[in-house]
Amino acid sequence: MEIEDNVEASVKDKEEKRILKSLAEPLLAWYDANARILPWRENAAPYRVWMSEVMLQQTRVEAVKSYFERFMKALPTIQALAEIDDDALLKLWEGLGYYSRARNVKKTAKIVVEQYGGEFPSNYDDLMELPGIGSYTAGAISSIAFANPVPAVDGNVLRVISRVLASKEDITSQSVKKKVEDELRATMPQLKPGAFNQALMEIGATVCVPNGMAKCEICPLNQLCKANILGIVMDLPKKTPKKPRTIEEKTILVIKSGDKVAIRKRCSKGILAGLYEFPNMEGYLSEKEVLYLVKQMSLSAIRILKLEDSKHIFTHKEWHMIGYVVKVEELEQNNSILKDCFFVEPAEIEERYPIPTAFQRYTKYINIILGNDKFKD
DNA sequence: AACACGGGGCT
DNA sequence: AGCCCAGTGTT
């Protein structure tokens with residue numbers, strides 16, 4: 001019985017290997033005719049490939065386009081990136097999300113300049129040592145910029161391979177990803193590995209799509225795709241469901257003094273690390289409670305206005321926010337709200353301070369005129 | 001293996 | 001409202 005199982009497994013392995021090896025020809029032909037024109041495809045310089053791949057981590061192509069072009073214009077060389085000021089770097093990344101990526105590209109730029117003479121390493125294992133470069137990005141850089149036959153397995157590739165092989169294994173498990181990487185490393189073409197990897201992802205992004213109907217009619221792989229043949233494309237891939245988001249309630253204060261507004265720098269660890277924000281606290285505070293706190297710091301007239309409620313959704317949590325604009329004069333030092341805050345003009349925020357999207361909506365209230373009807377003593 | 005880490009677009 | 005995206009790092 002054990003022997004029969006082994007024989008069966010071996011037959012299945014060979015079948016899978018045969019299918020994977022037959023992918024390259026139709027895939028490369030399709031890619032030649034259907035590759036999208038994208039900014040980072042103008043040329044495959046390692047610096048460009050690296051930056052685009054990092055930006056594309058968990059981020060849609062459409063969102064990355066403008067960021068990539070602006071970033072490469074501002075920092076045309078890896079030397080320029082290695083030397084840029086942290087706030088200026090985050091300002092270039094503002095709104096793109098996963099800000100540790102920005103910190104990591106700068107760390108890597110420094111290493112490449114100092115340890116590699118400014119030239120990116122080409123092989124997979126060296127790339128894997130660099131901050132912010134994992135198995136996917138190492139494979140993408142090595143194959144696309146240096147033509148090394150190593151796989152670049154992202155969510156698209158996992159979905160496509162899962163369907164082509166009609167595999168019911170859970171693609172969210174790391175062991176499955178590792179297995180797909182190993183199988184592709186053994187079967188992918190030695191010629192044009194960069195085009196092969198990009199073609200696999202491009203099929204996933206434009207044909208073998210995750211939501212809605214996969215376009216199997218126009219897929220170059222439809223004749224050899226087991227899920228298509230078996231009619232189970234919509235049932236694949238299998239994934240374990242995600243944990244529900246936790247909800248956090250916050251009160252945001254837009255504190256105005258003259259033409260300036262109070263902001264502060266966030267902690268260097270955790271969510272939105274190192275970005276700037278309006279002072280805020282846990283929980284919903286009433287107008288009275290805010291006023292009480294604000295009175296401790298302001299010696300004279302105070303006006304306050306409640307703002308519209310807002311909600312910001314992250315991957316793993318939701319911020320439900322209420323906000324107030326508060327006009328203050330004559331500040332006392334070292335009060336609790338304004339601890340770590342400093343006052344800046346709106347124009348400075350726009351050009352200098354990176355503000356996460358969750359707080360961006362409150363910037364429009366900086367210039368609000370507070371009427372006398374809201375005056376409180 | 002599980003979790004933290006952004007933001008946005010599509011169904 | 002849920003899904004998921006050209007994933008990586010930490011625990």
Side-chain angles (χ1 to χ4, degrees), chain A residues 31 35-36 38-41 48-68 90 93-105 107-108 127-141 143-144 151-160 170-178 181 194 196-206 208-214 234 237 239-248 266-275 277 311-319 354-361:
Chain A
Y31 188 65
R36 289 171 292 180
L38 301 170
W40 45 92
R41 287 183 176 163
R48 295 165 53 86
V49 173
W50 167 53
M51 194 54 58
S52 62
E53 292 300 345
V54 172
M55 287 183 170
L56 286 162
Q57 290 166 5
Q58 295 291 284
T59 309
R60 310 224 168 222
V61 165
E62 282 310 311
V64 169
K65 281 182 181 173
S66 61
Y67 280 89
F68 176 80
L90 284 172
W93 211 272
E94 180 187 76
L96 198 55
Y98 287 135
Y99 299 94
S100 65
R101 293 185 293 177
R103 300 176 196 292
N104 283 333
V105 290
K107 282 186 197 162
T108 285
L127 289 164
M128 281 290 284
E129 297 295 315
L130 298 169
I133 297 183
S135 68
Y136 164 74
T137 307
I141 296 171
S143 65
I144 298 170
V153 175
D154 70 341
N156 287 313
V157 175
L158 284 170
R159 181 173 60 258
V160 172
D170 179 356
I171 64 163
T172 63
S173 95
Q174 289 174 78
S175 60
V176 168
K177 180 180 177 183
K178 173 85 163 59
E181 286 172 341
F196 177 80
N197 284 335
Q198 291 182 86
L200 220 37
M201 292 187 273
E202 193 103 339
I203 283 283
T206 64
C208 196
V209 291
N211 300 316
M213 279 298 289
M234 293 302 279
K239 306 182 77 162
T240 54
K242 295 178 184 176
K243 259 182 51 180
R245 288 187 291 264
T246 58
I247 294 174
E248 293 177 14
R266 290 178 61 83
C267 173
S268 62
K269 288 185 173 183
I271 195 165
L272 305 171
L275 277 76
E277 66 179 5
K311 182 163 75 169
H312 189 83
I313 300 172
F314 300 97
T315 306
H316 55 300
K317 65 176 76 167
E318 289 182 20
W319 282 358
I355 308 273
T357 302
F359 292 98
Q360 273 293 349
R361 76 186 84 229

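Computed over heavy atoms, backbone and side chain alike; hydrogens, waters and symmetry mates excluded. Convention: sequence-line order gives letters A, B, ...; per-chain numbering from 1. Note that the structure is a prediction, hence the values are computed from the model and not measured.
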What integer number of Å spans the C1' atoms of C:dC3 and B:dG6? 16 Å

Euclidean distance, A:Thr357 OG1 relative to A:Gln360 CD, rounded to 0.5 Å: 6.5 Å

Applying side-chain contact (heavy atoms from CB on, under 4.5 Å), name anything that partners A:Tyr67, two or more places apart in sequence or on another chain. A:Met55, A:Arg70, A:Leu96

Check whether any side-chain heavy atom of A:Phe68 sits under 4.5 Å from a side-chain heavy atom of A:Arg48, and report yes or no. yes

Could you give the distance separating C:dT10 and B:dG7 at their C1' atoms, to the nearest angstrom? 22 Å

For nucleotides C:dC4 and B:dC5, find the distance between their C1' atoms and express it as a whole number of Å. 15 Å

Would you grab the first and last nucleotide of DNA chain B (5' to 3') that comes under 4.0 Å of any non-hydrogen atom in chain A? B:dA1 to B:dG9

Pairs under 3.5 Å (N/O, protein and nucleotides 8-11 of chain C):
| from | atom 1 | to | atom 2 | distance (Å) |
| --- | --- | --- | --- | --- |
| C:dT8 | OP1 | A:Gly134 | N | 2.9 |
| C:dT8 | OP1 | A:Gly134 | O | 3.4 |
| C:dT8 | OP1 | A:Thr137 | N | 3.0 |
| C:dT8 | OP1 | A:Thr137 | OG1 | 2.8 |
| C:dT8 | OP2 | A:Tyr136 | N | 3.4 |
| C:dG9 | OP1 | A:Gly132 | N | 2.3 |
| C:dG9 | OP1 | A:Ile133 | N | 3.4 |

With distance as the sole criterion, is a donor-acceptor pair present between the side chains of A:Tyr136 and A:Gln57 under 3.5 Å? no

Which is true for A:Arg36 with a 4.0 Å heavy-atom rule: it touches a base, it touches only sugar-phosphate, or it touches nothing? base

Any side-chain heavy atom of A:Trp40 within less than 4.5 Å of one from A:Leu56? yes

Just call it for A:Gln198: base, sugar-phosphate, or nothing, with non-hydrogen atoms closer than 4.0 Å on any strand. nothing

In whole Å, I'd like the distance from the NZ atom of A:Lys178 to the C1' atom of C:dG7. 17 Å

Can you check the distance between C:dT8 and B:dG9, where both ends of the measurement are the C1' atom (answer in whole Å)? 23 Å

Can you work out whether A:Lys243 or A:Ile271 has the more 5'-proximal nearest nucleotide on DNA chain B? A:Lys243

Select base, sugar-phosphate, or nothing to describe what A:Leu38 touches, counting heavy atoms under 4.0 Å on all strands. base

Given atom CD of A:Glu181 and atom P of C:dG7, what is their separation to the nearest angstrom? 12 Å

Relative to each other, are the rings of A:Phe314 and A:Trp319 parallel, tilted or perpendicular (30° and 60° limits)? perpendicular

Using whole Å, what does the distance between atom P of nucleotide C:dC5 and atom CG of A:Asn211 come to? 8 Å

For the NZ atom on A:Lys317, are there more than 12 heavy atoms of other groups (residues, nucleotides or ligands in this structure) within a distance under 6.0 Å? yes

Could you tell me how far apart A:His312 (NE2) and C:dA1 (C1') are, to the nearest whole angstrom? 17 Å

Separation of C:dG7 P from A:Glu53 CD (nearest whole Å): 9 Å

Sub-4.5 Å side-chain heavy-atom contact between A:Arg266 and A:Phe359: yes

Identify whether any heavy atom of A:Leu96 sits under 4.0 Å from a base atom; if not, whether one sits that close to sugar-phosphate; answer base, sugar-phosphate or nothing. base

Scan A:Arg41 against the nucleic acid and name what it touches under 4.0 Å (heavy atoms): base, sugar-phosphate only, or nothing. base

Nearest-Å distance for atom pair NZ/P, residues A:Lys65 and C:dA6: 13 Å

Remember a base hit wins even if backbone is also touched, and classify A:Gly204 as base, sugar-phosphate or nothing at under 4.0 Å, heavy atoms. nothing

If I take atom CD1 in residue A:Ile203 and atom P in nucleotide C:dA6, what distance separates them, rounded to the nearest angstrom? 13 Å

Restricting to side-chain contact (heavy atoms from CB on, under 4.5 Å), what partner residues turn up for A:Gln58, sequence neighbours left out? A:Tyr98

Provide the distance between the two P atoms, one in C:dG9 and one in B:dG8, to the nearest whole Å. 24 Å

Reckon A:Ser100 touches a base, only the sugar-phosphate, or nothing at all at heavy-atom distances under 4.0 Å? nothing

Take A:Ser173 and A:Glu94, find for each the nucleotide of DNA chain B with the closest heavy atom, and name the residue whose nucleotide sits nearer the 5' end. A:Ser173

Rounded to whole Å, please give me the gap between CG in A:Leu127 and C1' in C:dG7. 15 Å

side-chain contact (heavy atoms from CB on, under 4.5 Å) with A:Arg41: which residues, sequence neighbours excluded? A:Tyr31, A:Ala35, A:Arg36, A:Leu38, A:Gln198, A:Glu202

What residues, two or more places apart in sequence or in another chain, satisfy salt bridge (charged side-chain N to carboxylate O under 4.0 Å, His left out) together with A:Lys107? none

